[in-house]
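Order of listing sets the numbers, starting from 1, for every ligand and every atom in it.
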Amino acid sequence: MIVDQVTDLPRPPQRPASGHKGTFGRTMLIGGSRGMGGAISLSGMGALRSGAGLVYLVIPKGIADVVAGHSPSYLTIPLPEDDSGRISSITYADLKSQLKDKDSLGLGPGCGQSDHLKELFRNILLHEEKPIVVDADALNMLADMLDVLHEGPVPRVLTPHPGEFSRLANLPIKTIDKHRQQVAAEFADVYDVTLILKGEKTIVTDGHRMYVNPTGNSGMATGGTGDVLTGIISGLLAQGMLAFEAAQLGTYLHGLSGDLAAQELSQPGMISSDLPRYLGKAWQQFYALHDSGKG
Ligand SMILES: NC(=O)C1=CN([C@@H]2O[C@H](COP(=O)(O)OP(=O)(O)OC[C@H]3O[C@@H](n4cnc5c(N)ncnc54)[C@H](OP(=O)(O)O)[C@@H]3O)[C@@H](O)[C@H]2O)[C@@H](O)CC1
Ligand SMILES: Nc1ncnc2c1ncn2[C@@H]1O[C@H](COP(=O)(O)OP(=O)(O)O)[C@@H](O)[C@H]1O
Ligand SMILES: [Mg+2]
C-alpha cells in the first residue's frame with residue numbers, strides 16, 4: 001500500500017455573491033439523549049460556523065427545548081424517546097422524507113447506544129448515498145456491523161479517538177498509539193472510508209493519502225471538542241467538499257480554533273463551547289494565509 005503524505009490544504013467551499021442558504025447546503029445531525037444534549041448542540045454549532053446554510057438537529061423530544069435553547073439558528077426535529085431518553089420508535093422509512101433534501105449527515109454525538117438506534121443507523125449507512133460523518137456512539141455501534149461500509153463507493157468519514165478506534169479495528173490502544181499512521185491507513189483502505197484518528201497530531205487518511213494535522217493543543221482535551229469537529233465536517237460536506245478534503249480542512253480549522261482559544265483563554269481555561277466561537281477567527285486566519293482573503 002502506497003500512502004502519499006499530503007501537506008497542502010484544500011480550497012474552501014466557494015461563497016458566490018448571489019448565494020442563498022440553499023446554496024450552502026443542508027446538514028442533518030442525529031444524536032443527543034438525556035444527559036447528553038450538549039454533544040449534539042456542540043455539533044450543531046460547529047456545523048453552523050462551518051458555513052452550512054441550514055443545520056437540522058434530530059434529537060429525542062425530552063431534550064428538544066434545551067437543545068433548541070442553545071441557539072436560535074438550529075432547526076430541531078424532535079423524535080419519540082425510550083425510557084433512557086434516547087431516540088426510539090422512528091424507523092428509517094419514517095425519516096426518509098426528512099433525509100431526502102439533506103446534503104450531508106452526521107451520526108452519533110451523544111446519542112447513546114440501543115438496538116433501535118443501531119438498526120436506524122444501519123439502514124441509513126446502507127441506503128443513503130450522501131456523505132455521512134460517523135462519530136461517538138454511532139462508531140461504537142458501527143464496530144458490530146462494519147459490513148455496512150462495504151456497500152459501494154459512498155463518502156463516509158469516521159472520526160474515532162483512539163478508544164473508539166480500538167473498538168472499531170479490534171486493536172489494543174497501545175498498538176494504535178505506536179503505529180497510528182499504519183493502522184489508520186490500513187483501516188481506511190479496507191473499508192473505503194476517510195478516517196480521522198484524533199489526538200495530538202490528528203491523522204486524516206483515505207488509505208492512499210495521509211495528512212497529519214499541525215493545529216490543536218491539549219487544552220482541547222475537554223469534553224465535547226470532538227462533537228464540534230463532527231459538526232464542522234458535516235457542514236463542509238454539505239457545502240460540496242469531497243470527503244478527504246472536508247476532513248482535512250475541518251480538522252485544521254478545528255485545531256486552529258483551539259489554538260486561538262488557548263491564546264486568549266489559556267489551555268486550562270478553554271472549554272468545548274469556546275471552539276465554535278473561535279471558528280470565525282480561524283476562518284479569517286485561514287483565508288489570510290491560504291486563500292487571498294476571499295472570506
Ligand atoms: N457535553 C456532552 O453532552 C458530551 C457528551 N459526550 C458523549 O459521550 C459519549 C461517550 O463518548 P466518550 O468518548 O466520552 O466515551 P467512550 O466512547 O467510552 O471513550 C472513552 C474510552 O476511550 C479511551 N480512550 C483512549 N484514548 C482516548 C483518547 N485519546 N481520547 C478519548 N478517550 C480515549 C478512554 O480511556 P481512559 O479515558 O479511560 O484513559 C475510555 O476508556 C459520546 O456519545 C459522546 O458524544 C462527550 O462527547 C463529552 C461531552
Ligand atoms: N493533546 C491534544 N492535542 C491536540 N488535540 C487534542 C488533544 N487532546 C484532544 N484533542 C482533540 O480534541 C478532540 C477530542 O475529541 P473526542 O475525544 O471525541 O471528545 P468528545 O467526545 O468529548 O467531544 C479531538 O479533535 C482531538 O484531536
Ligand atoms: Mg467524541
Proximal ligand 1 atoms for [X], defined as those under 4.0 Å from one of its heavy atoms:
X      : answer
Gly224 : 48 (C), 49 (C)
Ala136 : 42 (C), 43 (O), 44 (C), 45 (O)
Gly163 : 22 (O), 23 (C), 24 (N), 25 (C), 26 (N), 27 (C), 33 (C)
Asp137 : 9 (C), 42 (C), 43 (O)
Asn140 : 17 (O)
Pro109 : 45 (O)

Could you find the nearest protein heavy atom to [atom] and give me its residue, atom name and distance?
atom                    : answer
atom 45 (O) of ligand 1 : Gly110 N, 2.9 Å
atom 21 (O) of ligand 2 : Asp227 OD1, 4.1 Å
atom 11 (O) of ligand 1 : Glu164 OE2, 4.6 Å
atom 10 (N) of ligand 2 : Met220 CB, 3.9 Å
atom 26 (C) of ligand 2 : Gly199 N, 3.6 Å
atom 7 (C) of ligand 1  : Met36 SD, 3.4 Å
atom 8 (N) of ligand 2  : Ala221 CB, 3.7 Å
atom 20 (C) of ligand 1 : His161 CE1, 3.7 Å
atom 40 (C) of ligand 1 : Arg167 NH2, 4.8 Å
atom 22 (O) of ligand 2 : Gly224 N, 2.8 Å
atom 24 (C) of ligand 2 : Lys198 CD, 3.6 Å
atom 17 (O) of ligand 2 : His161 CD2, 3.2 Å
atom 23 (O) of ligand 2 : Gly226 N, 2.8 Å

For this session: Kindly say whether Gly223 contributes a backbone atom to a donor-acceptor pair with the side chain of Ser272 at under 3.5 angstrom?
Result: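 Yes, because the side chain of Ser272 sits within donor-acceptor range (under 3.5 Å) of the backbone of Gly223.
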Quiz prompt | Expected output: side-chain Ser166 to main-chain Pro162 donor-acceptor under 3.5 Å | solution =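 Checking the backbone N and O of Pro162 against the side chain of Ser166, no donor-acceptor pair under 3.5 Å is found.
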Quiz item: Looking only at heavy atoms of Gly226, does any of them come nearer than 4.0 Å to an atom of ligand 1?
Solution: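 Heavy atoms of Gly226 never come under 4.0 Å of ligand 1.
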At a 4.0 Å cut-off, with the gap strictly under it, does some heavy atom of Lys198 reach an atom of ligand 1? no
Exercise for the section: Using distance alone, decide if ligand 2 has a nitrogen or oxygen within less than 3.5 Å of any nitrogen or oxygen in Asp135. Expected result: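 In fact, backbone or side chain, Asp135 has no N or O that close.
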Any protein heavy-atom neighbour for [atom] (distance below 4.0 angstrom)?
atom                    : value
atom 37 (O) of ligand 1 : no
atom 3 (O) of ligand 1  : yes
atom 22 (O) of ligand 1 : yes
atom 42 (C) of ligand 1 : yes
atom 14 (O) of ligand 1 : no

Presence of salt bridge, [Y] and [X], under 4.0 angstrom:
X      : Y      : answer
Arg277 : Asp274 : yes
Asp137 : Arg86  : no
Lys281 : Glu264 : yes
Asp206 : Arg209 : yes

Close approach, Gly223 and ligand 2, non-hydrogen under 4.0 angstrom: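 Checking ligand 2 against Gly223, which is what was asked, there is a heavy-atom contact under 4.0 Å.
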Might you point out which heavy atoms bring [X] and [Y] nearest each other, and give the distance in Å?
X      : Y      : answer
Ser50  : Gln239 : O-NE2, 2.9 Å
Ile87  : His116 : O-CD2, 3.7 Å
Ile30  : Phe121 : CG2-CE2, 4.0 Å
Met141 : Gln113 : CG-OE1, 3.7 Å

For residues [X] and [Y], is any side-chain donor paired with an opposing acceptor at under 3.5 Å?
X      : Y      : answer
Gln181 : Glu186 : no
Thr230 : Asp227 : no
Thr202 : Thr251 : no
Glu128 : Tyr92  : yes
Thr215 : Asp259 : no

inquiry  = For a side chain to side chain donor-acceptor pair (under 3.5 Å) check, start with the C-alpha distance between Ser218 and Gln267, then their side-chain angles and the critical distance, and finish with the verdict.
reply    = CA-CA 7 Å; Ser218 62; Gln267 290 191 15; 3.0 Å; yes
Ligand 2 versus [X], non-hydrogen atoms closer than 4.0 Å: side chain, backbone, both, neither?
X      : result
Thr225 : both
Asn217 : backbone
His254 : side chain

(Q) I want to know whether Phe244 and Tyr211 have ring centres closer than 6.0 Å. (A)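 They do not qualify: ring centres at least 6.0 Å apart.
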Does the ring center of Tyr278 lie less than 6.0 Å from the ring center of His254?
->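 Not under 6.0 Å, so no.
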**Request:** Establish, yes or no, whether the cationic atom of Arg15 lies under 6.0 Å from the six-membered ring centre of Phe24 and within 45° of the ring axis.
**Result:** yes
Worksheet entry | Geometric cation-pi criterion Arg26 and Tyr56, 6.0 Å radius, 45° cone |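 No cation-pi geometry.
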Ligand 1 versus Ile173: contacting region, heavy-atom distance under 4.0 Å: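 The side chain, only.
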Give the atoms of ligand 2, by number and element, whose distance to some non-hydrogen atom of Thr202 is under 4.0 Å.
->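 Contacts of ligand 2 toward Thr202, numbered from 1: 27 (O).
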Q.
Please state which option from Asp227, Val228, Thr222, Ile271 has its nearest heavy atom closest to atom 6 (N) of ligand 1.
A.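 Of the listed residues, Asp227 has the closest heavy atom.
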Closest to atom 28 (C) of ligand 1 by heavy-atom distance, out of Pro162, Ala39, Ser33, is Pro162
